[in-house]
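Hydrogens, waters and symmetry mates are skipped; everything else that's a heavy atom, side chains included, is used.
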Amino acid sequence: SALTDYVLKMKKKLDFHSVLFYDDAFMDAPLHIIKEFSEGWGKSVNIPFHILGMHPNAYRKEKIEALIKVGLKRLRMGLQSGSPRVRKEIFRRSYSNDKVVEITNDIKKTNLSLCDYDFILNTPWETTDERLEGLTLLSRMKPPFTVNLFNLTYFPGTPLYQRAFADRLIDTQYEPSKHFEPYLAPNDLINLLYFIYMITHLSESTINWFISKKVFAYNIKNPRCIFKFILFMKYFRTLFYRIKDRDYTNLPSVFSLFIK
């Protein structure tokens with residue numbers, strides 16, 4: 001294919017050992033296209049690769065298995081929220097939590113080294129109960145996996161930007177680049193639990209205990225220090241998997257937070 005030919009051409013010019021595909025539509029390709037790509041990749045390129053973007057509705061086990069055979073090491077899927085309502089009305093994604101659990105558990109049965117799942121925090125139209133749905137969803141998914149967290153960011157020209165502006169959540173001075181990274185507020189234990197998921201798995205019984213005790217008004221002391229510690233542990237865990245899979249991409253940016 002043109003893609004494998006291009007990568008092979010670049011491989012002859014540059015010294016690299018893996019490839020990252022930042023393409024949310026990669027897995028949307030029909031099964032015969034995926035198999036054609038896999039055959040070409042295995043015969044000509046034959047190095048590990050990572051697909052950092054997949055819509056749950058594009059998942060098919062046959063596609064994943066075909067790609068794993070020729071070097072797929074890491075897959076990233078955007079879940080965004082644990083609430084079906086929020087996904088459908090805010091993010092325009094329609095799939096059930098049961099389907100997410102089925103997909104993630106199905107992925108665990110393959111030989112894929114690592115799978116990342118993206119969640120978006122601080123969505124103003126998401127209720128407390130809906131935020132808790134996300135934690136419950138994570139607790140139902142079989143570890144190990146990596147959780148990536150992002151702050152809801154409004155980009156000009158999008159429906160979300162227009163809605164946030166109409167609801168007076170932002171003004172004309174809003175700069176998206178300053179609101180991309182997630183943050184931990186002093187009184188937000190729910191977000192803290194999401195951050196903990198970046199480094200370890202919490203069982204469904206643990207999450208249910210937190211919910212039953214209604215402890216989400218607890219005032220977190222030194223949230224910035226806790227946030228830094230969790231990020232450090234997450235990056236250390238990421239480093240372990242990168243070295244294990246010989247994937248040395250983006251390592252400088254991973255540790256830039258602690259060099260500043």
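Between F21 and W41, the ring center distance clears the sub-6.0 Å criterion. For Y161 and F155, the ring centers are positioned 6.0 Å apart or more. Note: F119 and F150 fail the aromatic proximity criterion, with ring centroids not under 6.0 Å apart.
A donor-acceptor pair under 3.5 Å is formed between the side chain of N105 and the backbone N or O of K142. S96 places a side-chain N or O within 3.5 Å of a backbone atom of K99 that can act as its donor or acceptor partner. Judged purely by atom type and a 3.5 angstrom limit, K11 has no side-chain atom pairing as donor or acceptor with the backbone of Y6.
Annotation: side chain of M10 is not in contact with side chain of V7 (no heavy-atom distance under 4.5 Å). Residues I64 and M27 have side chains in contact (heavy-atom distance under 4.5 Å, counting atoms from C-beta outward).
Follow the hydrophobic side-chain contacts under 4.5 Å out from I196 and you reach L79 in the same cluster. Residue F16 is grouped with residue F49 when hydrophobic side chains (ILVMFWY) are merged at heavy-atom distances under 4.5 angstrom, including chains of intermediate members. Residues I90 and L132 do not share a hydrophobic cluster, clusters being chains of Ile/Leu/Val/Met/Phe/Trp/Tyr side chains in contact below 4.5 Å. When hydrophobic clusters are built by joining Ile, Leu, Val, Met, Phe, Trp and Tyr residues whose side-chain heavy atoms come closer than 4.5 Å, directly or via intermediates, F26 is grouped together with I107. Put simply, V100 and I120 are part of two different groups of oily side chains (I, L, V, M, F, W, Y) that touch within less than 4.5 Å, one to the next.
Here salt bridge (Lys or Arg N to Asp or Glu O under 4.0 Å) pairs that include residues 150-179, with residues two or more places apart or in two chains, are E175-K178. Applying the ring-ring contact (aromatic ring centres under 6.0 Å, His included) test to residues at least two apart or on different chains, the pairs with a partner in residues 53-75 are H55-Y95.
Looking at L75, T104, N148, L149 one by one, the single match for side-chain contact (heavy atoms from CB on, under 4.5 Å) with Y117 turns out to be T104. Among R74, H50, R76, the one residue that satisfies the side chain to side chain donor-acceptor pair (under 3.5 Å) test with D116 is R74.
Using a 4.0 Å cut-off between charged nitrogen and carboxylate oxygen, K35 and E39 do not count as a salt-bridge pair. The residues R140 and D98 are annotated as salt-bridged, a charged nitrogen and a carboxylate oxygen being separated by less than 4.0 angstrom.
R87 and N97 are linked by a side-chain donor-acceptor pair at a separation below 3.5 angstrom, with hydrogens and angles left out of the test.
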